[in-house]
Amino acid sequence: MRSPLPFALGLLALGALALDAAAAPPADEAPVTIEIEGRTATATTLLEAWSALSRQDRVNWPFAYVGAERTDVSTRQTQRRLRAELDALAMQARLQRQTGLASGLDAWSQALATTAPGRIPGRVDPTWLMAHPRHMPALADLDRLGWCETPSWVEAWTPRGVTRLDWRPGMTTETLLEALPESARAQSEHLALIDPRGGIRRLGMAAWNHESATLVPGSRVVLQLPLDEVSARWVDASLPDFLATRLPGDICRTFTPDAASRLTTATD
């Protein structure tokens, strides 16, 4: 009779996730399973799912993500309201003969016209999960997990539209602003910086409150709208939160985890 699976082996398997896995054949979008000592088990935790995937491919941990339909529902509601508010602000700008601002707001609205599923903001790499087990999402509550290739851009949302610039080592919010046309930044006093993991920092960018932060590939920067309207302030507050739910790159691999908790024994 086979002896019980040693608990220590499980800990070693999870600890190995902190290292990059060697490249191997691509994984399928199928229920995630793990195999230890000849026994096949359906993954029951996010760490186990990551363990299975990392044995099949090299996971790009800084750009890893998880997502759930339950959060997508509220995100889509915010998305619809953002577009409605932007369309109304663009119409108001046209009536005030602010054609450049109106075109920029139209560009924001069009950029939000996406049906792509989002992600839950936050770190989900094994190193962080093992250090914060109480914050680990339940695998049963998730509908997808995956990662993106490291992008080559940073993205700026300015009152003149949405622009992507090539990322360069040492790039900061200050150098990004300097690369933008004067008309795109002259009237804004604050910005929001969204990192690829969905973290948000709000910084000053005017002469009286100037701050600077380092940019990594895939960062998004949203400049404050130069409008003294309640709806504009709501957009300023809500758009960064929405962008934090977007995937952190353009080329991504998404997998469906299996939420079953029962172990299945492989045939010897």
Side-chain angles (χ1 to χ4, degrees), residues 71-121 151 153-166 172-196 198-213 215 218-248 250:
T71 60
D72 290 342
V73 173
S74 61
T75 299
R76 284 192 290 267
Q77 293 174 346
T78 300
Q79 180 183 17
R80 286 192 292 269
R81 182 175 172 186
L82 278 167
R83 296 198 69 198
E85 298 287 2
L86 288 168
D87 291 344
L89 289 169
M91 181 180 297
Q92 179 179 325
R94 286 190 178 85
L95 293 174
Q96 297 174 350
R97 300 184 183 276
Q98 296 177 289
T99 55
L101 176 59
S103 296
L105 294 171
D106 285 339
W108 284 24
S109 181
Q110 287 301 313
L112 293 175
T114 175
T115 58
R119 54 90 179 265
I120 299 172
W153 48 261
V154 293
E155 189 173 85
W157 291 62
T158 80
R160 291 298 183 265
V162 183
T163 304
R164 283 187 174 180
L165 293 82
D166 291 337
T172 66
T173 52
E174 185 174 9
T175 56
L176 178 143
L177 293 173
E178 291 173 351
L180 296 173
E182 177 72 16
S183 61
R185 54 184 168 83
Q187 294 181 286
S188 300
E189 296 185 342
H190 298 87
L191 63 80
L193 168 60
I194 305 99
D195 66 44
I200 300 173
R201 292 182 61 188
R202 300 184 187 274
L203 305 171
M205 56 171 285
W208 62 272
N209 66 351
H210 179 76
E211 299 173 274
S212 184
L215 298 178
S219 297
R220 292 179 166 100
V221 175
V222 181
L223 273 60
Q224 177 189 34
L225 290 175
L227 294 170
D228 188 19
E229 302 286 343
V230 172
S231 57
R233 298 287 76 79
W234 183 85
V235 170
D236 288 336
S238 302
L239 180 57
D241 291 336
F242 175 79
L243 293 179
T245 70
R246 299 302 87 198
L247 296 187
D250 297 323

If you look at every heavy atom in Pro117 and Leu247, which pair is closest and at what distance?
-> O-CG, 4.1 Å
Under 4.5 Å between any side-chain heavy atoms of Trp108 and Leu225, yes or no?
-> yes
Identify the heavy atoms of Ser231 and Leu89 that sit nearest to each other, and give their distance.
-> OG-CD2, 3.3 Å
Where do Glu174 and Glu211 land on the side chain to side chain contact (heavy atoms under 4.5 Å, CB included) test, with the steps shown first?
-> CA-CA 8 Å; Glu174 185 174 9; Glu211 299 173 274; over 6 Å; no
Test Trp157 against every option in Leu223, Thr163, Ile194, Val162 by the side-chain contact (heavy atoms from CB on, under 4.5 Å) rule and name the one that passes.
-> Val162
Quick one: side chains of residues 177-193, donor-acceptor pairs under 3.5 Å with protein atoms, not counting sequence neighbours, listed by atom name and distance.
residue, atom, partner, partner atom, Å
Glu182, OE1, Arg185, NH1, 3.2
Glu182, OE1, Arg185, NH2, 3.4
Arg185, NE, Leu177, O, 2.7
Arg185, NE, Leu180, O, 3.3
Ser188, OG, Gln224, O, 2.6
His190, NE2, Asn209, ND2, 3.3

Between the side chain of Arg160 and the main-chain N/O of Ser103, is any donor-acceptor distance below 3.5 Å?
-> no
Locate the shortest heavy-atom distance separating Ala102 from Ala90; write the atom from each residue and the value.
-> CB-O, 3.6 Å
Considering all heavy atoms of both residues, which atom of Ala237 and which atom of Arg202 are nearest to each other, and what is their separation?
-> O-NH2, 3.3 Å
What are the two closest heavy atoms between Pro196 and Pro248, and how far apart are they?
-> O-CB, 3.2 Å
Taking every heavy atom of Pro240 against every heavy atom of Ile200, the minimum-distance pair comes out as O-CD1, 3.6 Å
Residues passing the side chain to side chain contact (heavy atoms under 4.5 Å, CB included) test with Thr114, sequence neighbours excluded, are Gln79, Ala116, Arg246
4.5 Å side-chain heavy-atom contact, Pro151 and Asp250 = no
Residues 85-96 vs side-chain hydrogen bond (donor to acceptor under 3.5 Å, both in side chains), sequence neighbours excluded, gives Arg81-Glu85, Asp87-Ser109, Gln92-Glu229, Arg94-Asp106
